[in-house]
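Reading through the C-alpha cells given below for one structure.
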Amino acid sequence: MKSKIPQFLAFISGVVILVAAFIPHTPFGMFEETLTNWFMIISSFAILLGQSSLIQSNLAKISQKAPDWKYHIATLVSFGAMLIFGLLWGMENTPGILGQGEKIAENLGAKPFDYLFEYAFMPLSSTMFSLLAFYIASAAYRAFIFKTFESNLLLITAVIVMLGRTSFATVLTSWIPDSLHFLRLPELTDFIMQYPNTAAQRAILISAALGVVGASLRIILGIERSYLGGDK
Amino acid sequence: MKNLHLILLFLLIGIFAFATSEGTETYTAEDAPWDDGTAVLHRWNLSAKWEFLSLQKADSLGVYQEIFNEFSPSGQFKETGLNPDTKYQYRLVAYNKERSDSTSLFSETTTQQQWFAMNKLPLLILLVIVCSSVLYYILSARKGKELFIRRISGLDSIDEAIGRATEKGKPILFVPGISDLGDIQTIAALNILNQVAMKSAEYGTEILVPCRFSMVMSAARETVKDGYLKAGKPDAYKEDNIFYVTDDQFGFVAGVDGIMLRELPAANFFLGAFWAESLILAETGFTTGAIQTAGTGQPHQLPFFVVSCDYTLIGEELYAASAYLSRDPQQLGSLKGQDFGKLLTIILILAGIIAEIAGLGWFKNFFEGVF
Amino acid sequence: MAELMKTIGIWLSAYFTLSIFSFLYKDNPFYKLAEQIFVGLSAAYWLVYTIYNILIPNLFNKLFTDFANNWILLIPMVLGIMMLMRMFPKLEWVSRYPMAIMIGTTAAIAMLLSFQSDFLSQIAATIVNPFKFSSPVDIVGTILIIIGTICGIYFFYFSKKPEGFYKIPSKVGIWFLMVSFGASFGYTVMARISLLIGRLDFLLRDWLHIIK
Amino acid sequence: MSNDINLTKTLRERRIIFLLLVLAVAIPIIFPLGLKTHSTPLTEKAFELIESTPAGSPVIISFDYDPSTVTELQPMAIAIIEHAWRKNHKIIAMAMWPQGSQMADMAFAEVQKKFGEEKVYGVDYVNLGYKPGGMVIIQAMGRNLKTVFPKDTAMIDYDDIPILKNIKTIKEIKYVVSLSAGDPGLRDWIMTANGKFGIPVAGGTTAVSAPGFLPYVNDQNQLSGLLGGLKAAAEYELLLGYEGTASRGMNPQSVAHIFILMLIVAGNIRVWRNRKKEKMAKEVKNG
C-alpha cells in the first residue's frame with residue numbers, strides 16, 4: 001500500500017503532462033499549469049529538506065565527536081550568521097523581517113547578507129574550482145601520454161583545439177596560403193568543432209534521449225521504483 | 001516588326017505584373033492552427049509603394065490599438081497571449097513616409113481551441129514506436145527470453161587486471177563514483193562491483209572500496225559480500241575494506257589519492273558518476289602504474305579517463321555493462337528497446353538523406369512537424 | 001566607514017582565497033576551515049533564497065492576502081511538508097507521495113522535451129543533402145557529420161557483435177567520439193585556466209594593487 | 001620504503017608544476033602581451049540575434065550560474081546586457097540557480113555605470129529572481145508568467161511592473177539568452193523555450209560544456225549562437241568595440257595554454273626516455 005499510492009501518483013502526473021502536450025483543448029492545459037506550479041512549491045520544500053539534513057548531519061558529527069568535528073562548528077556558525085542576516089534584512093532589493101536595514105547597509109557598504117556573499121562566498125566558491133587548473137597542469141605532465149591510436153587521436157585534437165583557441169594561433173599559421181586557408185589553426189579548430197565534434201555529440205544526444213525515454217517510461221508505468229527507496 | 005511584338009509583350013507582362021501586385025494587396029488574420037486558442041496568425045502582402053505599416057487590434061470599445069509595426073512587403077506575425085474562443089477584429093494600415101497616402105485592410109477571426117496538436121503527430125508516432133519496443137523487450141525479458149547483448153570490451157580487462165594484482169600481491173581499488181545511491185550510474189557501478197568482487201574472491205586478492213556516502217557504503221558492503229558468497233569464499237570477506245571517507249568532494253579525492261600512493265593497488269576501477277575529480281584520480285592512478293578501468297555517463301569527464309586509463313566504458317557502455325552482468329530484465333529489456341530505437345534512427349537518417357538528394361523535401365519536413 | 005569595511009572585505013576574500021590554495025601544498029587546517037565555512041554559507045544562501053524568492057511570493061503571500069482564490073495552494077503546501085518528513089526515519093514513507101508527483105512530472109516533461117530536441121530535431125538536422133553546398137569544406141564537413149552521427153550511434157548499439165563488416169562502423173564511431181573528446185578536453189583546459197585567471201586577477205589587482 | 005620515495009617524488013613534482021602554472025598565468029596578467037583575438041561564427045551568430053531584434057522587444061536573460069564560474073560567465077552577462085540596452089531591449093532577468101539572482105544585480109550595476117545610470121528599473125529591466133525546477137518551470141512560464149513570478153526581487157507585484165504590462169506568457173518574449181554553468185541551464189531553455197514554444201535561444205556557457213551544445217547549432221536553429229568560455233566573451237567584447245575583463249584575460253589564457261602544451265610534450269619525452277632505458281636494461285639483462 002505504501003508504495004502503490006505513490007506509484008499511482010507518479011502515473012497520474014505523468015499522464016496529465018503527456019496528454020496536455022498533445023491535446024491543447026481545455027481543461028488539459030489547466031491541469032498541466034496547476035501541476036507545474038505545484039511542482040515549484042514542492043521542490044522548494046525539497047531544497048529546505050536538503051539544507052536541513054545537511055545541518056542535521058553536521059550536528060551529528062559534532063555530537064559524536066567525529067574526526068575533525070571542530071570544523072563542523074564553523075559550518076554551523078557561518079550557516080547561522082548568513083541565515084540570520086538574510087532573514088532580518090533581506091538581500092539586494094528584497095526586504096527582510098526588519099525591512100531594508102538602510103543604516104547597517106550604509107556603514108557596511110552593503111547589506112550584511114550581500115557583504116558575506118561578496119567577500120566570503122564568492123572567493124571561496126570560485127577559488128575552490130580554480131584548484132582544477134593546477135590538477136590539469138599536473139596531469140598534462142604525468143598522464144597525458146601518447147599510447148593507443150584512439151587516445152592519440154584524442155590528444156592530437158586536444159592540442160589543435162588548445163592552440164587554436166589562443167591568440168597565438170592566428171600568428172603561427174598566417175603563412176599558410178589563402179587557397180589552403182582551412183588549414184590555419186583557428187579555422188581548423190572551428191572545422192573540428194563544427195563537424196566531427198558535432199557528429200559525435202549528436203550521436204551521444206540521440207542515444208541519451210532514447211535512454212531518457214526508456215527511464216521515464218519505466219517510472220511513469222511504475223516498473224522502475226528505485227526512487228521510492230528501501231523497497232527491495 | 002518583331003521588335004514591336006517583343007515590346008508589346010513586355011508591356012503586357014509589365015502591366016499584368018503591376019496589376020497583380022496591386023490587386024493582391026492582401027491581409028488576413030487567422031486563428032493559429034493546432035493550438036490552445038491563444039494565438040492569431042497575421043499574414044500580409046503589400047505593394048512596393050508602402051514603406052511603413054501598423055497592425056492594429058480593436059479593443060473592447062472598438063478603438064484600434066497598434067500591436068505591431070515592423071514593415072516588410074510581405075510577411076507574417078504571430079500574436080500570442082489571446083483568450084480562446086473570442087472574436088477579434090484587426091486593421092492593417094500601410095502608409096508612406098509622409099503619410100500622404102495610406103491604405104487600410106481589415107480582417108477578423110475567432111480563436112479556437114483544438115483537440116489535437118497536429119504538428120506534434122511525428123513526435124507522437126515515433127514516441128509510441130520507441131516506447132512500445134522498450135515495453136515489448138522488458139516483458140520478453142521478464143518471461144525469461146534470452147536477449148543478446150554484446151560483451152563490452154572494457155569488461156575484458158577485469159580478469160587481466162585482477163590477475164595482475166594477484167601476481168604482484170597488491171590490492172584492487174574500486175571507486176563507485178561520487179554520487180549517492182539515487183543515481184543510476186552508482187547502481188550500475190555496484191552491479192559491476194559485484195562481478196569484480198566475485199573475481200577477486202576467486203583469485204584471493206583484496207578489494208578496497210572507498211565510498212563518499214554512507215548509503216553507498218552499506219550497499220557496496222552487501223554487494224561485495226554477495227560476490228564473495230558467489231565465489232564460495234564468504235570467510236575471506238572483510239567488511240572494513242569497504243569504508244566511508246568523507247562527504248566532501250575534494251576531501252574524498254584527497255583521501256583516495258592517499259590510498260593509491262600508500263597501498264599502490266595494482267588495478268584501479270573508477271566506475272560511476274564522476275565530475276571534476278576524475279582527472280585527479282586518473283592521474284594519480286596512472287603514476288602508480290596500476291591497470292586502470294574507468295567508466296562514467298558524464299561526457300565531460302570521459303576525455304580524462306580515456307587518456308589516462310587503460311580501458312574506458314564510454315557513456316551508455318556503463319549501463320550496458322551493468323545490464324550484461326546483472327541480467328536484470330528491466331535493465332536488459334530497456335537497453336534492447338533503446339537499441340531498436342537506435343537502429344530506427346540510423347535507417348531514418350539514411351532514408352532521409354536519400355530523399356533529400358532525390359529532392360523529396362516532405363521527408364525532412366515531416367520531422368519538423370510541417371506537412 | 002563603508003570604505004574601511006570594503007578594505008576589510010577584500011582582505012577577507014584574500015584570506016579565503018589563499019586558504020583554499022593552501023590545499024595545493026597539502027591538506028591543512030586553513031583549508032578545512034575555509035571549506036566548512038563555504039558549506040555553511042552556501043546552505044544558508046539556498047535557504048534564504050528559497051524562502052524569499054519562492055515560499056513567500058508564490059505560496060504564503062498568496063495564501064495570506066487572497067485565501068479565497070488560492071486555497072488550492074494548501075495542497076502543494078501539505079505535500080511540501082510531507083516532503084520534509086524524510087528527515088524522520090519513521091515517517092520517511094510519507095515523503096514518497098510528493099516525491100512520486102515530482103518524479104512523475106519530471107519524467108513526462110523530460111521524455112517529451114528531450115525526444116523532441118535531442119531525437120527528432122537532431123535527426124532532422126542530420127538529414128541534409130551534402131551536395132547542395134558549393135564550398136568543398138561544407139560538403140566534406142556535412143558528409144563527416146552524417147558518417148560520424150550514424151557510426152557514433154552504431155557504437156552505442158549493443159545488439160550485434162562487432163565482427164567482420166560490423167566492426168567498421170563501430171570503429172569509425174569511436175574515432176569520431178575520440179575527436180570530440182579531444183575537443184572537449186581542449187575546452188576544459190581552457191575553462192579551468194580561466195577560473196585561475198579570475199582568482200589571480202583578484203589577488204594582483206584588488207588585493208595587492210600590483211596592476212591597475 | 002620505496003612507497004615513501006614514490007610519494008615524496010610525486011608530491012615534489014606536483015608542487016613545482018603548480019608553481020610554474022601560477023607564474024605562467026600571473027606574469028602575463030602583470031605584463032600584458034597585447035594579444036588580440038578575432039571573432040568566430042558562433043559568437044557572431046549570437047551577436048546577430050540581438051542586433052536584429054527590434055527596439056523595445058521584451059527579452060529574457062537567465063542567470064544560470066554561481067560565483068564559481070564568474071570569470072567566464074560574468075563578462076558575457078555584462079556584454080549581453082550592454083548590447084541589449086544599446087538596442088533598447090527590455091531585459092527581464094531571472095535565475096535558475098539561486099546565486100544567479102545576485103550575479104544579475106552585479107552585472108546590471110556594472111553596465112549601469114557605462115550608461116550613466118540612465119536605465120530605469122522596472123522600465124528598462126527587471127530582476128524576477130530565482131525559481132527552482134528547470135524545464136518544468138519554463139513550461140509553466142509558457143502557460144502563465146505571473147503565476148510563476150508573482151513578484152520581482154524587490155517584492156513589487158507583477159502587475160505593477162511597467163515592463164511586464166503586455167506580457168502574459170513566455171511566448172511574447174523575443175529571445176532568451178541563458179548564461180549557463182550546468183544543470184539546470186541552457187539545455188532546459190533549448191528544449192522548452194525553443195523546442196516547445198519556438199522562441200530563439202542563444203547561450204553563453206563555460207568552455208567545459210560548449211562542445212556538447214554544438215549539435216543544437218543547426219539549420220533547425222535550436223540554438224541561435226553560442227558563447228563558449230572566456231575566449232567567446234572576449235570576442236563579444238570585440239564585436240561591441242570595447243576591451244573588458246575577458247579581453248584582458250586572453251593574455252594569460254594564451255600563455256597558459258602554451259604552458260600546458262609544453263607540459264604534455266615534456267611528459268611524453270620523459271615517458272619515452274624511461275621506456276628506452278627500461279628496454280636497454282632488459283637487453284643488457286638478457287645479454
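Chain letters run A, B, ... following the sequence lines, proteins first and then strands; every chain starts at 1. Model, not experiment: these values are computed from the prediction.
Minimum heavy-atom separation, I42(A) to P98(C): CG2-CB, 3.9 Å. The two residues S130(A) and F21(C) have their closest heavy-atom pair at OG-CE2, 3.5 Å. Closest approach of Y115(A) and M5(C) over heavy atoms only: OH-O, 2.5 Å. Summarising the geometry of Q201(A) relative to S180(C), their closest heavy-atom pair is NE2-OG, 2.9 Å, with the distance given to 0.1 Å. Nearest heavy-atom pair, A200(A) versus F176(C), reported as atom, atom and distance to 0.1 Å: CB-O, 3.5 Å. The heavy-atom pair separating A2(C) from E106(A) by the smallest distance is CB-O, 3.6 Å.
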**Asked** Are I41(A) and L73(C) close enough, and set up right, to give a side chain to side chain contact (heavy atoms under 4.5 Å, CB included), and what steps lead you there?
**Response** CA-CA 9 Å; I41(A) 293 168; L73(C) 288 178; 3.8 Å; yes

**Request:** Given side chain to side chain contact (heavy atoms under 4.5 Å, CB included), test Y97(C) with L9(A) step by step and report yes or no.
**Result:** CA-CA 7 Å; Y97(C) 295 65; L9(A) 287 175; 3.9 Å; yes

For this session: Begin from the C-alpha positions of N197(A) and V179(C) and carry the test side chain to side chain contact (heavy atoms under 4.5 Å, CB included) through to its verdict.
Result: CA-CA 7 Å; N197(A) 169 66; V179(C) 169; 5.7 Å; no

* Asked: Given the rule in the side chain to side chain contact (heavy atoms under 4.5 Å, CB included) test, do R165(A) and Y187(C) qualify, once you have shown the distances and angles that lead to the verdict?
  -> CA-CA 9 Å; R165(A) 298 296 274 176; Y187(C) 267 68; 3.3 Å; yes

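Ranking L35(A), L54(A), L87(A) against chain C, the residue ahead of the rest is L87(A), based on heavy-atom pairs under 4.5 Å. Ranked by non-hydrogen atom pairs under 4.5 Å with chain A, the options A14(C), A34(C), P76(C) are led by P76(C). Heavy-atom pairs under 4.5 Å with chain A were tallied for V140(C), L18(C), L112(C); the largest tally goes to L112(C). Ranked by heavy-atom pairs under 4.5 Å with chain C, the first of L48(A), I192(A), L163(A) is L48(A). Contact tally against chain C (heavy-atom pairs below 4.5 Å) for A120(A), A74(A), A21(A): the top residue is A120(A). In terms of heavy-atom pairs under 4.5 angstrom with chain A, the leader among M82(C), Q122(C), K6(C) is Q122(C). Your options are L24(C), L4(C), I56(C), L12(C), and the one with the most heavy-atom pairs under 4.5 Å with chain A is L24(C). Ranked by heavy-atom pairs under 4.5 Å with chain A, the first of F119(C), F115(C), Y52(C) is Y52(C). Interface summary for chain A: among G182(C), G173(C), S95(C), G152(C), the most heavy-atom pairs under 4.5 angstrom belong to G182(C).
Put simply, the residue from I101(C), I72(C), T105(C) that forms a side chain to side chain contact (heavy atoms under 4.5 Å, CB included) with W38(A) is I72(C). Checking each of I54(C), N58(C), N53(C), L59(C) against S44(A) for a side chain to side chain contact (heavy atoms under 4.5 Å, CB included) leaves exactly one that passes, namely I54(C).
For chain C, the nearby parts of S126(A) are the backbone and the side chain; heavy atoms of each come within less than 4.5 Å. Both the backbone and the side chain of M87(C) have a heavy atom closer than 4.5 Å to some heavy atom of chain A. There is no contact between E32(A) and chain C, counting heavy-atom distances below 4.5 Å. Only the side chain of M193(A) comes within contact range of chain C, judged by heavy atoms closer than 4.5 Å. Interface remark: L132(A) contributes backbone and side-chain atoms alike to the contact with chain C (heavy atom separation under 4.5 Å). In this structure, the portions of T126(C) lying under 4.5 Å from any heavy atom of chain A include both its backbone and its side chain. Only the side chain of I136(A) comes within less than 4.5 Å of a heavy atom in chain C; its backbone stays farther off. Residue contact with chain C, scored on non-hydrogen atoms closer than 4.5 Å, is absent for N152(A). Of the atoms belonging to I10(C), heavy atoms from both backbone and side chain fall under 4.5 Å from chain A. If you measure heavy-atom distances from D138(C) to chain A, the contacts under 4.5 Å come from both the backbone and the side chain. With a 4.5 angstrom heavy-atom cutoff, I174(C) touches chain A only via side-chain atoms. For I73(A), no part lies under 4.5 angstrom from a heavy atom of chain C. Looking at F8(A), neither its backbone nor its side chain comes within 4.5 Å of chain C, counting heavy atoms on both sides. Contact annotation for I104(A): neither backbone nor side-chain heavy atoms come within less than 4.5 Å of a heavy atom of chain C. Heavy atoms of F202(C) lying under 4.5 Å from chain A are absent altogether. For F11(A), no part lies under 4.5 angstrom from a heavy atom of chain C. Interface remark: I109(C) contributes backbone and side-chain atoms alike to the contact with chain A (heavy atom separation under 4.5 Å). With a threshold of 4.5 angstrom between heavy atoms, Q56(A) approaches chain C through side-chain atoms but not through N, CA, C or O. For chain C, no part of L76(A) is nearby; none of its heavy atoms comes within less than 4.5 Å. L108(A) touches chain C through backbone and side chain together, each having a heavy atom under 4.5 Å away. Contacts between I150(C) and chain A at a heavy-atom distance below 4.5 Å are absent for every atom of the residue. If you measure heavy-atom distances from I206(A) to chain C, the contacts under 4.5 Å come from both the backbone and the side chain.
Interatomic distance, NZ of K62(C) versus CG of N37(A), reported as 6.5 Å (0.5 Å rounding). Here the CD1 atom belonging to I146(C) is positioned 10.0 Å from the CZ atom belonging to R202(A), to the nearest 0.5 angstrom. Distance check, rounded to the nearest 0.5 Å: CE of M83(C) to CD1 of I47(A) gives 10.5 Å. Remark: Q36(C) CD to D68(A) CG distance equals 8.5 Å, nearest 0.5 Å. We find the CD1-CE distance between I17(A) and M111(C) to be 12.0 Å, quoted to the nearest 0.5 Å.
Looking only at side-chain heavy atoms (C-beta outward), Y49(C) and M91(A) come within less than 4.5 Å of each other. Proximity of M99(C) to P6(A): side-chain heavy atoms (C-beta onward) are nowhere separated by under 4.5 Å.
The stretch residues 107-126 of chain A participates, sequence neighbours left out, in no salt bridge (charged side-chain N to carboxylate O under 4.0 Å, His left out) pair at all. For the ring-ring contact (aromatic ring centres under 6.0 Å, His included) condition, the pairs that include at least one residue of residues 189-219 of chain A, sequence neighbours left out, are F191(A)-Y195(A).
Formation of a donor-acceptor pair under 3.5 Å by the S13(C) side chain with backbone atoms of Y119(A) is found in this model.
Residues F113(A) and Y45(C) bring their aromatic ring centres within 6.0 Å.
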